[in-house]
Amino acid sequence: MREKVITVTVELKSRNNYDYENRIKELKELVESSGGEAAASVTAPRDRIDSRTYVGSGKLEEIKDQMEKLDAHTIIFNHELSGSQMKNLENTLDAKIVDRTNLILDIFATRAKTKEAVLQVELAQLKYRLPRLIGYRDYLSREGAGIGTRGPGEQKLELDRRVIQRQMSQIKKQLEQVENTRQITRNKRIKNPIPQISIIGYTNAGKSTIAKAFLGEEGEVFDAKDQLFHTLDTTLRKVKLNEFREIVLSDTVGFIEDLPTFLIEAFKSTLEEIRYADLILEVVDSNNDNVDIQRETTRALLRDMDIQIPVLTVFNKVDLLERREEFLYADIEDKIFISALDPKDILRLKEKIEEILAKDEKKRSLLIPYEDQEILYNLLKNFKTEGMEYVEEGASITVFMNDASFLKYKKYERVKDSDNL
């Protein structure tokens, strides 16, 4: 039986233009993703936040009535609570209190698969717990488990500040070792001429579905499901873009509005993959009412990481739209409208990616000596070529490549006799 949950959202009058309806809908989706059942939703319009209970005494009575009517004992707030607020709410309502941040952490905990993701989630949970030890003492003494209690450390939820700080130091050291290994792999990839494409975007926009479609029968590595935060671990796979170009495709963790800063920091090493991309695919759920907020959330993270890489905005799920012209966004130079479930649209997306990658490419005349035939093999495999012929010194070939790639092969540049006159 799924855990019954009552969600609570405070609607501040000072934010009268804010779309609270979508915020409430998103919280319900988060509850469903965590395995719970959003049985009721309570809204509390207020001039300011109540310092003791966040919602005030009047709304607490309404929440109590809903708890009794629905036999629900888990209350999830659509905001981040302090330790003292959690303690006061638990004492007043005699219920398990979970805030939005802890709910997201809980979902991350159930999704973590690799050693790195498990460590990252545990570190984030400890950072969250550290300033809330007062509220957590009562919270963790309650019977049962469920939403808000899961994660790598659920077998032994420490409440001692010094123990938590020591655990955090140990996890950081382990993550440094993982990052050192990752950096060695990155350095090898940087020397490889294959372009890397990073897929980013709001959670559940369809990133993994697109990645899976690119791989075809091998796409099971990108496990796509209609769930928030289904993908945590960055997955990299070599993909055949067309007959003359391969790419490395990377799928990343989805973003969400007001994602806790420490959670972004915990996954920063994973997100660093974006920095090494030749092109970013920003996947947008064009059927979502808050598409602009979702786009800004994604772009804000790119700005915070100071990433300045070409971006192709992919408006996904257009098959669910009634009027596509509402999503033209004339200010976006590189964009495409697709359904990730339509093979023809995936083909159009691949063609658009090729168009962008080839935009700065020029014809380069190279002469590859016979002793460097591995170089010739890499060129034929990873670049568009034409007019290859074997001459006395080696293989003469014309290759289409941009300036960055050409630097790796400049020593093979063929100097025509006319250039020496």
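No hydrogens, no waters, no symmetry mates; every other heavy atom, side chains included, goes into these values.
- A donor-acceptor pair shorter than 3.5 Å can be found between the side chains of Asp99 and Tyr128.
- Between Ser33 and Ile107, the shortest heavy-atom contact is CB-CD1, 4.1 Å.
- Considering all non-hydrogen atoms of both residues, Ser41 and Lys28 come closest at CB-CE, 3.9 Å.
- Of all the heavy atoms in Leu70 and Lys4, the pair that sits closest is O-NZ, 3.2 Å.
- Separation of atoms CD1 (Ile375) and NZ (Lys411) is listed at 7.0 Å; rounding is to 0.5 Å.
- The two atoms that bring Asn204 and Asp285 nearest to each other are O-OD2, 4.5 Å, heavy atoms only.
- Using a distance-only test at 3.5 Å, with no hydrogens or angles considered, no donor-acceptor pair links the side chain of Lys317 to the main chain of Ala340.
- For OH of Tyr18, the number of neighbouring non-hydrogen atoms (other residues, nucleotides, ligands) closer than 6.0 Å is greater than 12.
- For the side chain to side chain contact (heavy atoms under 4.5 Å, CB included) test, residues two or more places apart in sequence or in another chain that qualify with Glu61 are Lys64.
- By the 30° and 60° cut-offs, the orientation of the rings of Phe315 relative to Phe337 is parallel.
- Here the side chain of Asp278 pairs a donor or acceptor atom with the backbone of Gln196 at under 3.5 angstrom.
- Comment: Arg23 does not engage Glu26 in a salt bridge, judged by the lack of any side-chain N to carboxylate O separation of less than 4.0 angstrom.
- How far NZ of Lys363 is from CZ of Phe400: 4.5 Å, rounded to the nearest 0.5 Å.
- Using a 4.0 Å cut-off between charged nitrogen and carboxylate oxygen, Asp292 and Arg295 do not count as a salt-bridge pair.
- The closest side-chain heavy-atom distance from Leu357 to Leu241 is below 4.5 Å.
- When side chains are defined from C-beta on, Tyr20 counts as touching Arg15, because their heavy atoms get closer than 4.5 Å.
- The shortest non-hydrogen separation linking Asp334 to Ile356 is CG-CD1, 3.9 Å.
- Not a single donor-acceptor pair under 3.5 Å links the side chain of Thr92 to the backbone N or O of Leu89.
- Across every non-hydrogen atom of Arg364 and Met401, the tightest pair is NE-O, 3.2 Å.
- When the shell of 6.0 Å around CD of Glu371 is examined, it contains more than 12 heavy atoms from other residues, nucleotides or ligands.
- Partners of Asp19 by side chain to side chain contact (heavy atoms under 4.5 Å, CB included), not counting sequence neighbours, listed by chain and number: Glu21, Asn22, Asn290.
- For Asn316 (side chain) and Ala205 (main-chain N/O), a donor-acceptor pair under 3.5 Å exists by modelled atom type.
- Note that the CG atom of Asn78 and the OG1 atom of Thr9 stand 4.0 Å from one another [nearest 0.5 Å].
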Stepwise side-chain contact (heavy atoms from CB on, under 4.5 Å) test for Ile197 and Leu312: CA-CA 10 Å; Ile197 312 296; Leu312 170 59; over 6 Å; no
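- From His79, atom NE2 reaches atom CD of Gln85 across 10.5 Å, with rounding to the nearest 0.5 Å.
- Residues Thr298 and Glu282 bring no donor and acceptor atom of their side chains to less than 3.5 Å of each other.
- Checked by atom type and distance alone, the side chain of Glu246 never pairs as donor or acceptor with a backbone atom of Asn242 at under 3.5 Å.
- Summarising the geometry, atom CG belonging to Asp106 is positioned 7.5 Å from atom CD belonging to Gln125; distances are rounded to the nearest 0.5 Å.
- Within 6.0 Å of NZ in Lys359 there are more than 12 heavy atoms belonging to other residues, nucleotides or ligands.
- Side-chain N or O atoms of Arg46 include none that pairs as donor or acceptor with a backbone N or O of Leu12 at under 3.5 Å.
- The closest donor-acceptor contact from the side chain of Arg52 to the backbone of Asn88 lies at 3.5 Å or more, if one exists at all.
- Between the side chain of Lys352 and the main chain of Ile336, no donor-acceptor pair closer than 3.5 Å is present.
- Just one of Ile274, Val314, Leu281 meets the side chain to side chain contact (heavy atoms under 4.5 Å, CB included) condition when paired with Ile199; it is Leu281.
- Remark: Glu243 CD to Lys384 NZ distance equals 8.5 Å, nearest 0.5 Å.
- Remark: the backbone N or O of Thr398 is not paired with any side-chain donor or acceptor of Thr385 at under 3.5 angstrom.
- Judged purely by distance below 3.5 Å, without hydrogens or angles, the side chains of Thr43 and Glu11 never pair a donor atom with an acceptor atom.
- In this structure, Phe214 and Leu349 have side chains that are in contact, with non-hydrogen atoms separated by less than 4.5 Å.
- Side-chain contact between Leu105 and Thr101: present, with at least one pair of heavy atoms (C-beta onward) separated by less than 4.5 Å.
- A donor and an acceptor atom, one from each side chain of Asp372 and Tyr412, are located under 3.5 Å apart.
- Not counting sequence neighbours, the partners of Glu62 by the side chain to side chain contact (heavy atoms under 4.5 Å, CB included) test are Val42, Lys59.
- The residues Arg348 and Glu355 are annotated as not salt-bridged, no charged nitrogen and carboxylate oxygen being separated by less than 4.0 angstrom.
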Verdict with supporting geometry, Thr297 and Arg299, side-chain contact (heavy atoms from CB on, under 4.5 Å): CA-CA 6 Å; Thr297 299; Arg299 291 303 178 101; over 6 Å; no
